[in-house]
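This report concerns only the one structure given below.
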Amino acid sequence: MSSAVVATITVSLVVQIVVLFLLAISLILKTKGQYRQHGFVMAAAVIVHLIMIFYTMIPSFVLAVVPEYIFASPFELTSIIGLVHGILGSAAIVLGLWLVVAWRFNRDIKGCFT
């Protein structure tokens with residue numbers, strides 16, 4: 001594996017760990033009733049994750065997973081897992097974006113709970 005690939009993998013892992021910590025901080029803020037701060041941290045987590053999707057995940061999926069696994073052997077477990085991962089990941093980021101856009105940094109949080 002080339003050093004550029006290792007560096008990309010390392011950066012991706014570090015960023016995903018940062019997103020995980022943002023989600024944990026957001027959960028703590030929510031349990032403390034600090035809903036506006038919770039929303040800002042969640043928005044930051046979604047944006048950082050979206051950047052990594054466009055930087056790493058989409059190119060990897062299009063350039064490696066699709067030609068090497070899905071087209072080459074579509075019914076093998078690796079291909080099915082890759083396809084399911086892509087579909088569920090896409091659904092998760094769409095839902096995350098929808099929540100952030102629907103919230104729009106409102107001061108009134110009544111809409112969040114009804």
Side-chain angles (χ1 to χ4, degrees):
M1 212 179 309
S2 73
S3 61
V5 172
V6 172
T8 301
I9 292 169
T10 304
V11 168
S12 179
L13 178 62
V14 168
V15 170
Q16 294 305 319
I17 291 170
V18 168
V19 169
L20 180 63
F21 280 114
L22 286 172
L23 294 174
I25 291 167
S26 177
L27 180 61
I28 292 167
L29 290 169
K30 182 180 170 247
T31 57
K32 290 182 176 181
Q34 298 174 342
Y35 298 110
R36 186 159 169 78
Q37 293 84 356
H38 160 76
F40 281 117
V41 174
M42 287 300 291
V46 168
I47 290 167
V48 170
H49 191 63
L50 191 61
I51 290 168
M52 288 310 296
I53 287 171
F54 283 107
Y55 175 72
T56 304
M57 295 178 197
I58 290 175
S60 296
F61 192 77
V62 171
L63 298 175
V65 174
V66 171
E68 296 293 325
Y69 297 104
I70 295 174
F71 285 156
S73 51
F75 298 109
E76 286 190 16
L77 184 60
T78 307
S79 299
I80 294 168
I81 290 171
L83 196 56
V84 169
H85 177 81
I87 291 168
L88 292 177
S90 298
I93 197 64
V94 166
L95 289 172
L97 282 169
W98 177 76
L99 285 171
V100 168
V101 170
W103 179 57
R104 294 183 307 270
F105 304 109
N106 288 332
R107 292 202 180 277
D108 181 19
I109 61 168
K110 279 191 337 190
C112 293
F113 301 104
T114 59

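Every value quoted in this text rests on a predicted model; they were computed, and no experiment measured them.
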Let me check something: any side-chain donor-acceptor pairs from residues 89-102 under 3.5 Å, sequence neighbours excluded? List them with distances.
unit_1 : atom_1 : unit_2 : atom_2 : d
Ser90  : OG     : Gly86  : O      : 2.8

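Each of Ile9, Thr10, Thr8 was compared with Val6 under the side-chain contact (heavy atoms from CB on, under 4.5 Å) criterion, and only Thr10 meets it.
Neither Met42 nor Ile25 shares a network with the other; the hydrophobic side chains, linked directly or stepwise wherever heavy atoms of I, L, V, M, F, W or Y lie under 4.5 Å apart, form separate groups for each. No continuous path of ILVMFWY side-chain contacts below 4.5 Å connects Tyr35 to Val41, so the two sit in separate hydrophobic clusters. Under the 4.5 Å side-chain heavy-atom criterion for Ile, Leu, Val, Met, Phe, Trp and Tyr, Val19 and Met52 are members of the same hydrophobic cluster. A continuous path of hydrophobic side-chain contacts links Leu83 to Val65 [ILVMFWY only; heavy atoms under 4.5 Å]. Using a 4.5 Å cut-off between side-chain heavy atoms of Ile, Leu, Val, Met, Phe, Trp and Tyr, with links allowed through other members, Ile58 and Leu88 fall into different hydrophobic clusters.
Residues satisfying the side chain to side chain donor-acceptor pair (under 3.5 Å) test with Gln16, not counting sequence neighbours, are His49. Every residue two or more places apart in sequence or in another chain that forms a side-chain contact (heavy atoms from CB on, under 4.5 Å) with Ile80 is listed here: Val84. Residues that satisfy the side chain to side chain donor-acceptor pair (under 3.5 Å) test with Ser26, not counting sequence neighbours, are His38. Every residue two or more places apart in sequence or in another chain that forms a side-chain contact (heavy atoms from CB on, under 4.5 Å) with Ile17 is listed here: Leu13, Phe21. Listed by chain and number, the residues in a side-chain contact (heavy atoms from CB on, under 4.5 Å) with Val11 are Val15 (sequence neighbours excluded). For Val66, the side-chain contact (heavy atoms from CB on, under 4.5 Å) partners are Phe61, Ile70, Phe71, not counting sequence neighbours.
Looking at Ile51 and Ile47, their side chains come closer than 4.5 Å, going by heavy atoms from C-beta outward.
Note: Arg36 CZ to Trp103 CH2 = 5.5 Å, rounded to the nearest 0.5 Å.
Taking all atoms of both residues into account, the shortest heavy-atom contact from Ser12 to Thr56 is OG-CG2, 4.1 Å.
Residue pairs meeting the side-chain hydrogen bond (donor to acceptor under 3.5 Å, both in side chains) criterion with at least one partner in residues 59-79, sequence neighbours excluded, do not occur; the list is empty.
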